[in-house]
Amino acid sequence: MELAAGGFSEEQFWEACAELQQPALAGADWQLLVETSGISIYRLLDKKTGLYEYKVFGVLEDCSPTLLADVYMDSDYRKQWDQYVKELYEQECNGETVVYWEVKYPFPMSNRDYVYLRQRRDLDMEGRKIHVILARSTSMPQLGERSGVIRVKQYKQSLAIESDGKKGSKVFMYYFDNPGGQIPSWLINWAAKGGNCSGSLYH
């Protein structure tokens with residue numbers, strides 16, 4: 001499998017594009033969790049962790065694809081609106097751009113931090129422009145674990161966005177993370193269902 005820059009394969013980018021066109025929910029026990037305002041959220045139990053993987057499909061009527069992709073990639077802007085960000089920056093490590101993000105957790109829980117690769121590509125699918133963003137956790141000696149902060153070592157996400165043919169965007173997102181530590185899996189899954197997932201669905 002040929003890897004593109006950032007450690008992601010060409011196939012992974014095109015898989016996200018394909019799922020934007022036709023949701024891949026067959027052959028596994030994906031469950032419809034919620035459907036509202038044109039957005040459908042499905043979940044699949046990961047038996048190893050007791051946590052859920054999520055897939056989100058839908059249309060955001062008032063947000064253009066380029067704006068969505070730009071905002072998603074803008075770490076500095078995120079620090080302005082996300083009250084749970086303690087530290088967030090990008091750093092070059094071994095020739096790759098790596099994101100470091102520490103998330104505030106309420107007392108008495110320890111904060112979590114992420115070290116992950118992230119890459120955006122704008123693809124052409126039969127004349128249609130598709131913005132694809134992939135991310136996954138990684139390990140870098142330059143960004144070692146910190147005392148008192150729990151490192152999230154299992155995180156992956158893919159996002160594909162295109163125009164809905166009007167002023168909005170058609171969106172697909174896949175998401176999974178395991179925040180670790182002594183947080184019961186039922187509590188994590190409950191928080192995710194309520195829209196307050198520990199790592200947020202919008203890294």
Side-chain angles (χ1 to χ4, degrees), residues 1-17 19-20 46 48-49 51-56 65-105 109-124 129-161 171-183 188 192 197-203:
M1 184 181 294
E2 184 179 352
L3 294 181
F8 301 103
S9 70
E10 289 288 329
E11 182 181 354
Q12 288 173 306
F13 283 97
W14 288 107
E15 283 176 352
C17 282
E19 193 131 19
L20 179 65
D46 180 80
K48 292 181 179 179
T49 62
L51 302 172
Y52 285 94
E53 304 171 65
Y54 294 91
K55 287 186 178 182
V56 181
T66 300
L67 178 61
L68 276 178
D70 288 348
V71 168
Y72 183 93
M73 295 293 291
D74 192 336
S75 298
D76 289 333
Y77 180 56
R78 176 158 194 144
K79 287 183 281 189
Q80 297 178 32
W81 62 263
D82 188 345
Q83 62 180 324
Y84 297 103
V85 173
K86 181 173 182 180
E87 193 171 358
L88 177 60
Y89 61 87
E90 295 181 2
Q91 180 173 320
E92 291 294 321
C93 296
N94 304 331
E96 294 183 315
T97 300
V98 177
V99 180
Y100 176 83
W101 184 26
E102 182 177 344
V103 182
K104 298 176 185 176
Y105 268 59
M109 294 186 290
S110 300
N111 286 357
R112 265 62 177 172
D113 67 0
Y114 297 74
V115 175
Y116 60 97
L117 299 170
R118 181 179 64 182
Q119 187 188 6
R120 169 183 173 180
R121 292 188 61 188
D122 298 337
L123 305 179
D124 184 292
K129 187 176 183 179
I130 315 288
H131 303 282
V132 180
I133 301 168
L134 302 179
R136 64 171 174 82
S137 53
T138 189
S139 177
M140 292 288 177
Q142 302 94 319
L143 296 169
E145 297 184 34
R146 300 180 176 184
S147 176
V149 180
I150 295 176
R151 175 65 47 88
V152 177
K153 298 178 180 179
Q154 293 177 280
Y155 158 64
K156 52 185 176 180
Q157 185 170 22
S158 58
L159 180 67
I161 312 166
V171 178
F172 158 71
M173 182 174 63
Y174 167 85
Y175 184 91
F176 176 79
D177 89 7
N178 180 1
Q182 299 302 311
I183 304 176
I188 299 166
C197 186
S198 57
S200 168
L201 293 184
Y202 303 98
H203 275 41

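Between Y52 and D46, every side-chain heavy-atom pair lies at or beyond the 4.5 Å cut-off. Within the 4.5 Å cutoff, side-chain heavy atoms of T49 are placed close to those of Q154. Inter-residue side-chain proximity for D113 and I150 is flagged as unmet; no heavy-atom pair is nearer than 4.5 Å. For the pair D74 and Y72, the minimum side-chain heavy-atom distance is 4.5 Å or more. For the pair V115/S137, no side-chain contact is recorded, criterion being any heavy-atom separation below 4.5 Å from C-beta on.
Taking each heavy atom of M173 and L159 in turn, the nearest pair found is CB-CD1, 3.8 Å. The two atoms that bring V85 and K104 nearest to each other are O-CE, 3.5 Å, heavy atoms only. What you find for D177 and L51 is that their closest heavy atoms are O-CD1, 3.8 Å. Counting all heavy atoms, side chain and backbone alike, N178 lies closest to V152 at O-CG1, 3.4 Å. Residue A16 comes nearest to A160 through the heavy atom pair O-CB, 3.6 Å, listed as atom of the first residue, atom of the second, then distance. In plain terms, the two heavy atoms of A135 and Y155 that are nearest each other are CB-OH, 3.6 Å.
Under the 6.0 Å cut-off for aromatic ring centres, Y175 and Y54 do not qualify, their centroids lying 6.0 Å or more apart.
Both the sub-6.0 Å distance and the 45° axial angle are not jointly satisfied by R151 relative to the ring of Y114. R136 forms a cation-pi arrangement with F8, by the criterion of a distance under 6.0 Å to the ring centre and an angle within 45° of the ring axis.
Atom CD1 in I130 sits 7.5 Å away from atom CG in L123 (nearest 0.5 Å). Atom CG of D124 and atom NZ of K129 lie 10.0 Å apart (nearest 0.5 Å). Of the inter-residue distances, the one linking E96 atom CD with R118 atom CZ reads 14.0 Å to the nearest 0.5 angstrom. For the atom pair CD of E15 and OG of S158, the computed distance is 9.0 Å after rounding to the nearest 0.5 Å. The CG atom of L134 sits 12.0 Å away from the OH atom of Y174 when rounded to the nearest 0.5 Å. One finds the CG atom of L88 at 8.0 Å from the CG atom of D76 (value rounded to the nearest 0.5 Å).
Salt bridge D70/R120: present, at least one basic N to carboxylate O contact under 4.0 Å. Under the 4.0 Å criterion applied to side-chain N and carboxylate O atoms, E145 and K153 are assigned as salt-bridge partners.
A donor-acceptor pair under 3.5 Å links the side-chain atoms of Q12 to the main chain of S9, judged by distance alone. Listed for the R112 side chain is a donor-acceptor partner under 3.5 Å among the backbone atoms of P179. Of the possible polar contacts, none joining the D122 side chain to the H131 backbone as a donor-acceptor pair under 3.5 Å is found.
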Worksheet item: Please walk me through it: do F13 and Q119 pass side-chain contact (heavy atoms from CB on, under 4.5 Å)?
Response: CA-CA 10 Å; F13 283 97; Q119 187 188 6; 3.4 Å; yes
Discussion item. Pair C17, V132 - check side-chain contact (heavy atoms from CB on, under 4.5 Å), show working.
Written reply: CA-CA 7 Å; C17 282; V132 180; 3.6 Å; yes
Practice prompt. Please lay out, stage by stage, how R121 and E10 fare under the test salt bridge (charged side-chain N to carboxylate O under 4.0 Å, His left out).
Written response: CA-CA 10 Å; R121 292 188 61 188; E10 289 288 329; 2.6 Å; yes
Practice prompt. Take Q91 and M140 through the test side-chain contact (heavy atoms from CB on, under 4.5 Å) and record every step on the way to the result.
Written response: CA-CA 11 Å; Q91 180 173 320; M140 292 288 177; over 6 Å; no
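Q142 and N94 share a donor-acceptor pair across their side chains, judged by distance under 3.5 Å alone. No side-chain donor from either of E87 and Y100 sits under 3.5 Å from a side-chain acceptor of the other. In the model, E92 has a side-chain atom that pairs as donor or acceptor with a side-chain atom of T97 under 3.5 Å.
No more than 12 heavy atoms of other residues, nucleotides or ligands shown are found within 6.0 angstrom of OH on Y77. Residue K79 qualifies as enclosed at atom NZ: its count of foreign heavy atoms under 6.0 Å is above 12.
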